[in-house]
Number of protein chains: 2
Amino acid sequence: MTKSATPRRSPPMVSDIGPLKGHLGYFVRRLQIWVFQDFIRTLAAIEISPAQFSVLAVIHANEGLSQIELGNTLGIERARLVRLLNRLERRGLLERLPSNGDGRRHALRLTAGGQATFKQARNLADRHESGLLAKLGEARYRALMDALRP
Amino acid sequence: MTKSATPRRSPPMVSDIGPLKGHLGYFVRRLQIWVFQDFIRTLAAIEISPAQFSVLAVIHANEGLSQIELGNTLGIERARLVRLLNRLERRGLLERLPSNGDGRRHALRLTAGGQATFKQARNLADRHESGLLAKLGEARYRALMDALRP
DNA sequence: TATTGTTATACTCTATAACTATA
DNA sequence: TATAGTTATAGAGTATAACAATA
């Protein structure tokens, strides 16, 4: 090929962000979007979003927990969680079993297929994380992790 | 009063987050939500969201810039920006003037009312930021700022 | 009475595609 | 042909309220 097929576009001209320079929330938001976009791209082949990955991870680590516990752990509203779980259940990745003891609760479990998908997801998520470390540099990555972890 | 009027609720039981412990994106997301909720509460009285604040701030610092420049600066898609600006224009906070030179562009400016509202917003946003520093502690706040700023 | 899961509604955000007017 | 702004649509996230079943 002689030349790029993509049309030449003017370099995106960026302006002064003014007082946003002094706001933590602005930079946290920009980083979060950038990280999630990379995550989504990396796991696109298996169609697992960041929220779905977090749900599978917590169920995997806490088999039999209830929806309310899952929601509290991840900060997801219980009404929102219902639809999230519906989709994963329809995909055959998890099941809602009757809870022993409390008739109001469901005990959440990954199915065999859910375990397999989660294993793939974890491999891709690890690749994503290594990519972050490479792009941010070890020092900055470590500084962020140390400052962010509660 | 003798007792709290709010019903007693069981302490939210939180589970193990498993492999999420090793993912930067998880912690960045949790922090971002926490910071934005605080921002929204602090500026609730004047009904300015984080996105609206960022738009007012960049227009204030770059009077006459175009929508595409504003979008590039903040990472906001131009289609989304249209509705954001519509609302602020309807509230009388900004105006879209004809650009000299290029008939396709608008030159964005804050109105007098927009300047006044932005001044209020900046005061409240500063209070929000001081609150963050107090809640996170100076060391952690500084570490985050240093690691986040590009 | 309170809690768990569910349904429903409304609003925001994000991602596209297509249209227009201008260049 | 490409760009700036606009409109429209669909999907996801967020915030509520209300309901049934169970405690």
Side-chain angles (χ1 to χ4, degrees), chain A residues 4-13 29-30 32-34 36-37 39-41 44 47-55 65-72 74-89 94-108, chain B residues 4-13 29-30 32-34 36-37 39-41 44 47-55 64-89 94-108:
Chain A
S4 167
T6 56
R8 191 172 317 143
R9 44 184 85 195
S10 53
M13 125 82 124
R29 176 64 173 159
R30 295 302 297 254
Q32 185 257 306
I33 291 171
W34 181 73
F36 269 41
Q37 281 176 345
F39 186 98
I40 292 165
R41 264 196 309 273
E47 293 187 288
I48 295 290
S49 70
Q52 289 173 331
F53 180 73
S54 69
V55 163
L65 88 171
S66 67
Q67 297 185 191
I68 202 80
E69 286 160 356
L70 176 56
N72 287 339
L74 291 173
I76 301 176
E77 227 284 317
R78 69 192 204 278
R80 158 112 189 89
L81 195 53
V82 170
R83 279 166 306 176
L84 246 166
L85 294 177
N86 283 347
R87 192 134 28 131
L88 295 171
E89 194 180 33
L94 59 84
E95 45 193 355
R96 294 188 246 219
L97 303 170
S99 171
N100 0 352
D102 193 332
R104 295 168 302 183
R105 293 175 178 238
H106 295 159
L108 300 170
Chain B
S4 168
T6 54
R8 193 173 315 142
R9 44 183 88 196
S10 53
M13 126 83 126
R29 176 65 173 156
R30 295 302 298 252
Q32 185 258 307
I33 290 170
W34 181 74
F36 269 42
Q37 282 176 345
F39 186 97
I40 291 165
R41 263 197 310 275
E47 294 186 288
I48 294 291
S49 70
Q52 290 173 331
F53 180 74
S54 70
V55 163
L65 89 171
S66 68
Q67 298 185 191
I68 201 79
E69 285 160 356
L70 176 57
N72 287 338
T73 304
L74 290 174
I76 301 176
E77 227 284 319
R78 69 194 206 278
R80 156 116 191 86
L81 196 53
V82 170
R83 278 167 306 173
L84 246 166
L85 295 177
N86 284 347
R87 194 139 21 136
L88 294 171
E89 194 180 32
L94 60 82
E95 47 193 355
R96 293 188 245 220
L97 303 170
S99 171
N100 1 351
D102 193 332
R104 295 169 301 181
R105 294 177 177 237
H106 294 158
L108 300 171

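Quick caveat, the model's predicted, so the values are computed rather than measured. Just so we're on the same page: letters track the sequence lines, and every chain starts at 1.
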Could you state the [atom1]-[atom2] distance from [X] to [N], rounded to the nearest angstrom?
X: F53(B); N: dT12(C); atom1: CZ; atom2: P; result: 20 Å
X: L97(B); N: dG5(D); atom1: CG; atom2: P; result: 13 Å
X: L81(A); N: dT4(C); atom1: CG; atom2: P; result: 13 Å
X: L84(A); N: dT7(C); atom1: CG; atom2: C1'; result: 16 Å
X: Q32(A); N: dT14(C); atom1: CD; atom2: P; result: 9 Å
X: E69(A); N: dG5(C); atom1: CD; atom2: P; result: 8 Å
X: L74(B); N: dC13(C); atom1: CG; atom2: P; result: 13 Å
X: H106(A); N: dT3(C); atom1: NE2; atom2: P; result: 18 Å

For V82(A) and R87(B), take the nucleotide of DNA chain C holding the closest heavy atom to each; which residue's nucleotide lies nearer the 5' end?
V82(A)

Closest-nucleotide 5' rank along DNA chain C - winner of N86(A) and R105(A)
R105(A)

Any donor-acceptor pair under 3.5 Å linking the side-chain atoms of S66(B) with those of R105(B)?
yes

CG (L108(B)) and CD (E89(B)) are apart, to the nearest 0.5 Å, by 9.0 Å

Does E95(A) reach the main-chain N or O of L97(A) with its side chain, forming a donor-acceptor pair under 3.5 Å?
no

Going 5' to 3' along nucleotides 16-23 of chain D, which nucleotides have protein heavy atoms under 4.0 Å from the base (write B), which only from the sugar-phosphate (write S), and which from neither (write -)?
B-B---BS

List for me each residue that meets salt bridge (charged side-chain N to carboxylate O under 4.0 Å, His left out) alongside R30(B), sequence neighbours excluded, and say none if there are none.
none

Check every strand shown and say whether [X] touches a base, only sugar-phosphate, or nothing at a heavy-atom separation below 4.0 Å.
X: Q52(B); value: nothing
X: S66(B); value: sugar-phosphate
X: R83(A); value: base

Shortest non-hydrogen contact from F39(A) toward I48(A)
CE2-O, 3.9 Å

Apply the test side-chain contact (heavy atoms from CB on, under 4.5 Å) to residues R96(B) and N86(B): give CA-CA distance (whole Å), side-chain angles for both, the deciding distance (0.1 Å), then the verdict.
CA-CA 10 Å; R96(B) 293 188 245 220; N86(B) 284 347; 2.2 Å; yes

Is there side-chain contact between I40(A) and P50(A), with heavy atoms separated by less than 4.5 Å?
yes

OP1 or OP2 of dA15(C) sitting under 4.0 Å from any side-chain N/O of Q37(A)?
yes

